[in-house]
Amino acid sequence: MPTEQMIAKGNIPRTPDHPLETTLADIFQQVGDDVDLVAHRIVHGADLFSASIRITDDVFQQIQSISHLAPLHNPVNLEGVEVARRFYPDISHVAVFDTSFHQTMPPESFLYPIPYAYYEKHKIRKYGFHGSSHRYVLERAVQMLDAPKNRLRLISCHIGNGVSVTAIRNGQSYNTSMGLTPLAGVAMGTRSGNIDPAIIPFLERLEGMTTNDVIDILNHQSGLLGISGISNDVRVLLEHEQQGDERARLALDLFISKIHNYIGASLAKLNGADGLIFTAGIGENSPEIREKICLGLEYAGIYLDNQANWEGSGERVISSPYSPIKVMVIPTNEELIMARDGYWLSLEKAGVTG
Ligand SMILES: Nc1ncnc2c1ncn2[C@@H]1O[C@H](COP(=O)(O)OP(=O)(O)O)[C@@H](O)[C@H]1O
Ligand SMILES: CC(=O)OP(=O)(O)O
Ligand SMILES: [Mg+2]
């Protein structure tokens, strides 16, 4: 892109008396008319989209047809597209999918060991999420390590509200912790991550709940919140842990342990690693959590530099110079990836080839 400058950034909360349509209209009002293109984050693209795409009526319908795969995210994403297309009817709208980066995973990574017919009939497989974030930090890590993409084995830990760990080889996603939906993988703020699936009918029977009730609990009342009974916010839990609260300590220990599982799985999948990346709200801002994760991974060649971890800020290497695996903090920038994709698609539309 000619320039990659952020002009404005903000958050307008959505509340019951300030619904999405009003919230978005307020944002667009503030942004004004000087807009050439809108890039929309669409969480699930299933296997229909392996790259960003201009939103036509046909593409809109295709996204709608897979919304059941991400009921918490896609319908809201599409509502945003509708409002934005009404507000800016004469410009291009582009869909950028969380899933598209992971379309390079091989079948042994993305298939579930259930009858193959369910994959063929219903597309039940692992898709993976946070793709724009993993893509962004990959690009930055290649620059920081000054090595060719196809020589690097990277483990990208996106630790925010949602958490996903991705093994990257040859500049491509090779495996990732989230699954068919963003509920799978590591335990998260309020999401359980992977559990024994037999727990679901058990809870239905023992607690007199419907499947939807149980899924709701696994999405909204589990993870750090479920174990601690206090909060889904790592900062609050670290404070309680310091004051001797056992359940806060347990929740954090379990969280770290689940992240270890996926870092270990990534090391095995990649046959080692050259870099370990921390990104997103917790990964970027919590030296405590980064330290807790890295302690216990020395066997694999991960040695933190305490000062860089605790005192530095922004994008940096936080491992000791002697650490065989370089540990990096890379503030993510999903919006930049989206803007770049939109820009390239607009050139394509204008008939300009790169
Ligand atoms: N300084 C910090 N220490 C620990 N956690 C933090 C810090 N700052 C933000 N967070 C956590 O980051 C999370 C939000 O991450 P973010 O990547 O912005 O999430 P999302 O984009 O998925 O909504 C919240 O759970 C918040 O508690
Ligand atoms: C896909 C997903 O989990 O996104 P978020 O972390 O923004 O909830
Ligand atoms: Mg996010």
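Every number for a ligand or one of its atoms is a count from 1 in the order of the listing. Please read all numbers here as calculations on a predicted model, not as lab measurements.
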| message | Any atom of ligand 2 sitting under 4.0 Å from a heavy atom of His158? | response |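 For ligand 2, residue contact (heavy atoms, under 4.0 Å) with His158 is absent.
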
| request: Give a yes/no on ligand 2: does Glu334 have at least one heavy atom closer than 4.0 angstrom to it? | output: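 No, Glu334 has no heavy atom closer than 4.0 Å to ligand 2.
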
| query | Could an N or O of ligand 1 be found under 3.5 Å from any N or O of Asn232, whether backbone or side chain? | reply |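 Between Asn232 and ligand 1, no N or O pair is found under 3.5 Å apart.
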
| task | Give yes or no for whether the N/O distance cutoff of 3.5 Å, strictly under, is met between Asp233 and ligand 1. | result |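 N/O-N/O distance under 3.5 Å: yes.
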
Which atoms from ligand 1 have a heavy atom of [X] less than 4.0 Å away?
X      : answer
Gly160 : 15 (O), 17 (O)
Ala280 : 17 (O)
Ser286 : 3 (N), 4 (C)

| field | Nearest protein heavy atom under 4.0 Å from atom 21 (O) of ligand 1, yes or no | value |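 So far as the 4.0 Å threshold goes, atom 21 (O) of ligand 1 is out of reach of every protein heavy atom.
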
| Does the side chain of Arg290 come under 3.5 Å of the side chain of Asn309 through a donor N or O and an acceptor N or O? |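 Asn309 and Arg290 do have a side-chain donor-acceptor pair below 3.5 Å.
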
| query | Does the side chain of Lys269 pick up a donor-acceptor pair with the side chain of Ser109 at under 3.5 Å? | reply |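 Short answer, yes.
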
| query | Where the closest heavy atom to atom 16 (P) of ligand 1 is concerned, which of Gly281, Gly189, Pro182 has it? | reply |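 Comparing heavy atoms across Gly281, Gly189, Pro182, the nearest one to atom 16 (P) of ligand 1 lies in Gly281.
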
| task | Number the atoms of ligand 2 from 1 as they appear, then name those within less than 4.0 Å of a heavy atom of Asp98, with their elements. | result |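 Going through ligand 2 atom by atom, the ones under 4.0 Å from Asp98 are 1 (C).
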
Does any N or O atom in [X] lie less than 3.5 angstrom from one in ligand 2, N or O only?
X      : result
Asn161 : no
Val43  : no
Arg41  : yes

| said: Residue-level breakdown please: for Met188 versus ligand 2, do any non-hydrogen atoms fall below 4.0 Å on the side chain, on the backbone, on both, or on neither? | reply: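 Neither; no heavy atom under 4.0 Å.
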
| said: Between Arg125 (side chain only) and Leu180 (backbone N and O only), is there a donor and an acceptor less than 3.5 Å apart? | reply: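 Flag not set: sc Arg125 to bb Leu180 has no pair under 3.5 Å.
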
| field | N/O donor-acceptor pair under 3.5 Å between Lys126 side chain and Thr176 backbone | value |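 Such a contact is found between Lys126 side chain and Thr176 backbone.
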
| task | Verify side chain to side chain contact (heavy atoms under 4.5 Å, CB included) between Phe278 and His158, making sure each step is shown before the conclusion. | result | CA-CA 6 Å; Phe278 287 111; His158 177 112; over 6 Å; no

| field | Sub-6.0 Å ring centroid separation between His44 and His73 | value |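 No; His73 has its ring centre 6.0 Å or more from that of His44.
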
| field | Residues Ile318, Met328; criterion side chain to side chain contact (heavy atoms under 4.5 Å, CB included); working and verdict | value | CA-CA 6 Å; Ile318 58 166; Met328 290 160 276; over 6 Å; no

| query | For the hydrophobic clusters of this structure (ILVMFWY residues joined by side-chain heavy atoms under 4.5 Å, transitively), does one cluster hold both Tyr299 and Ile325? | reply |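 Linked, Tyr299 and Ile325 end up in one cluster.
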
| Charged N to carboxylate O below 4.0 Å: is that the case for Asp253 and Arg249? |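 Answer for the salt bridge query: yes.
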
